[in-house]
Amino acid sequence: MRVPLLDLGRQNGPLEGELSEAFRRVVRSGQFILGPEVERFEQSAAAVAGARFGIGVSSGTDAILVALMALGIGPGDEVICPSYTFFATGGCIARVGARPVFADSCATCFNIDAAGIERLAGPRTKAIIPVHLFGQAADMDPIVEIARRHGLAVIEDAAQAFGAEYRGRPVGSFGDFATVSFFPSKNLGALGEAGLVVTNDAALAERARLLRNHGMQPKYYHPTIGGNFRLDALQAALLAVKLPHLAEYTAGRQRHACAYHNAFGGLGGIAIPQTHADRNHIVNQYTVRVKGGARNALRQHLEKRGIGAEIYYPVPLHRQECFAKFGPHPALPVAESLAEEALSLPVFPEMTGEEQQAVIEAVTEFASGRNG
Ligand SMILES: Cc1ncc(COP(=O)(O)O)c(C=O)c1O
């Protein structure tokens, strides 16, 4: 049985009527960029992230860029972020002219190692970007506490964790800013590019809104330099159709994660991801560690059986060629071993029980073959 890593058609198909109606509404409105569709979505999406203000932007990457720009971070500054994350986290720091300083990760939950952040903070450090990786919140209490003690801003990269919670509070409500991605494969996916900046600070929200549109206020007057980071009305309208289904999507992901946990918990050579009891993990990815140098062999084993799997991420940021100029970077042993051992399995909400069983059997067969 073939099991794709992801099947967006199964999620969007049942909503085709409503999505088409939203499309027609935007076509008829003639308002294609920003406007009331965007404003409505901003409000309801910010509420999910526990924030007062939402600023719809063109992608999760641009959301990070806008947040950094709004905080005035630039040349001469340093920003701490995990090495084991998607490129955009570190890429945006470099794009505003600052130096990314990479932190190591937790070996069992994959998030930034909060205990290691303090020794990276120096006189040039201006901010920390914790990433809520794979859908589980980073350890925000110690991170916010360190930031407060050193006078640092916090930008939560919640690209993979829209709707996740930490100690009963939604991610997005802890930092000065949080940033979200609605890339189609995310737990709430647009039908194109889309992102969101959220904040509880009215002045920062206003600044981000200004930067999103070339720093222009009033029209053709530019008190500051921004960019074109505007969100399309169409994507906002389509996302508004999908948003009410987010809880049901999350429940599906969590159900699959639970079945994987039960099936793989006792398997030799496979380490299941740790879910902290004080967090609501929304399982954007279900990622195991494959021990003994066998990760690529397991991936091939799954591929031969038609089962999709992905390596998030094969190269940690401190080992990326483009970041060498910010080095020398110290060794980050956990990030390096995660890059060699991590494998993400299909966990999309609409996956059937039969499909999940096929994944479980294939992984179990592989692990038993190596151990037996
Ligand atoms: C952790 C993280 N940060 C930022 C981004 C960037 O989001 P986008 O692809 O919408 O630009 C992503 C998306 O893949 C991500 O996973």
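Predicted model, so just to flag it, every value in this text is computed and none were measured. Both backbone and side-chain heavy atoms feed into the values below; hydrogens, waters and symmetry mates do not.
Listed by first then second residue, pairs satisfying side chain to side chain donor-acceptor pair (under 3.5 Å) with a partner in residues 183-197 number zero, not counting sequence neighbours. Within the structure, every pair that satisfies the ring-ring contact (aromatic ring centres under 6.0 Å, His included) test and touches residues 77-96, not counting sequence neighbours, is listed here: Phe87-Phe323. Pairs engaging residues 293-308 under the side chain to side chain donor-acceptor pair (under 3.5 Å) rule: Arg299-Glu310, His301-Arg305, His301-Glu365, Arg305-Glu365 [sequence neighbours left out]. Listed by first and then second residue, the ring-ring contact (aromatic ring centres under 6.0 Å, His included) pairs involving residues 14-41 are Phe41-Phe182 (not counting sequence neighbours). Pairs of residues two or more places apart, or lying in two chains, that qualify as side chain to side chain donor-acceptor pair (under 3.5 Å) and include a residue from residues 331-351 are Gln11-Glu350, Thr287-Ser344, Arg289-Ser337, Arg289-Glu341, Lys291-Glu341, His318-Glu336, Arg319-Glu336.
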Name the atoms and distances for all side-chain donor-acceptor pairs under 3.5 Å in residues 261-269, with sequence neighbours left out.
| from | atom 1 | to | atom 2 | distance (Å) |
| --- | --- | --- | --- | --- |
| His261 | ND1 | Ala257 | O | 3.2 |
| His261 | ND1 | Tyr286 | OH | 2.9 |
| His261 | NE2 | Pro273 | O | 3.4 |
| Asn262 | ND2 | Cys258 | O | 3.4 |

Identify every side-chain donor-acceptor pair in residues 127-138 under 3.5 Å, counting partners at least two apart or on other chains, and give the distances.
| from | atom 1 | to | atom 2 | distance (Å) |
| --- | --- | --- | --- | --- |
| His132 | ND1 | Ala138 | N | 2.9 |
| His132 | NE2 | Glu156 | OE1 | 2.8 |
| Gln136 | OE1 | His276 | N | 2.8 |
| Gln136 | NE2 | Gln274 | O | 2.9 |

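For Asn200, there are no side chain to side chain donor-acceptor pair (under 3.5 Å) partners two or more places apart in sequence or in a different chain. Listed by chain and number, the residues in a salt bridge (charged side-chain N to carboxylate O under 4.0 Å, His left out) with Arg167 are Asp141, Asp278 (sequence neighbours excluded). Looking at residues two or more places apart in sequence or on another chain, you find no side chain to side chain donor-acceptor pair (under 3.5 Å) involving Thr364. For the salt bridge (charged side-chain N to carboxylate O under 4.0 Å, His left out) test, no residue two or more places apart in sequence or in another chain qualifies with Lys242.
The local environment of CD in Gln254 is crowded, with over 12 non-hydrogen atoms from other residues, nucleotides or ligands closer than 6.0 Å. Other residues, nucleotides and ligands place more than 12 heavy atoms under 6.0 Å from the CZ atom of Arg149.
Under the 4.5 angstrom side-chain criterion for Ile, Leu, Val, Met, Phe, Trp and Tyr, Leu210 has no cluster partners at all.
In this structure, CD on Glu18 lies 11.0 Å from CG on Leu238, to the nearest 0.5 angstrom.
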So His281 and Glu165, side chain to side chain donor-acceptor pair (under 3.5 Å) or not? Walk me through it. CA-CA 7 Å; His281 189 329; Glu165 289 175 3; over 6 Å; no
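Because its NZ or CZ atom is both nearer than 6.0 Å to the ring centre of Phe174 and within 45° of the ring axis, Arg169 counts as a cation-pi partner of that residue.
Counting only distance, with no hydrogens or angles, the side chain of Asp201 and the backbone of Leu204 share a donor-acceptor pair below 3.5 Å.
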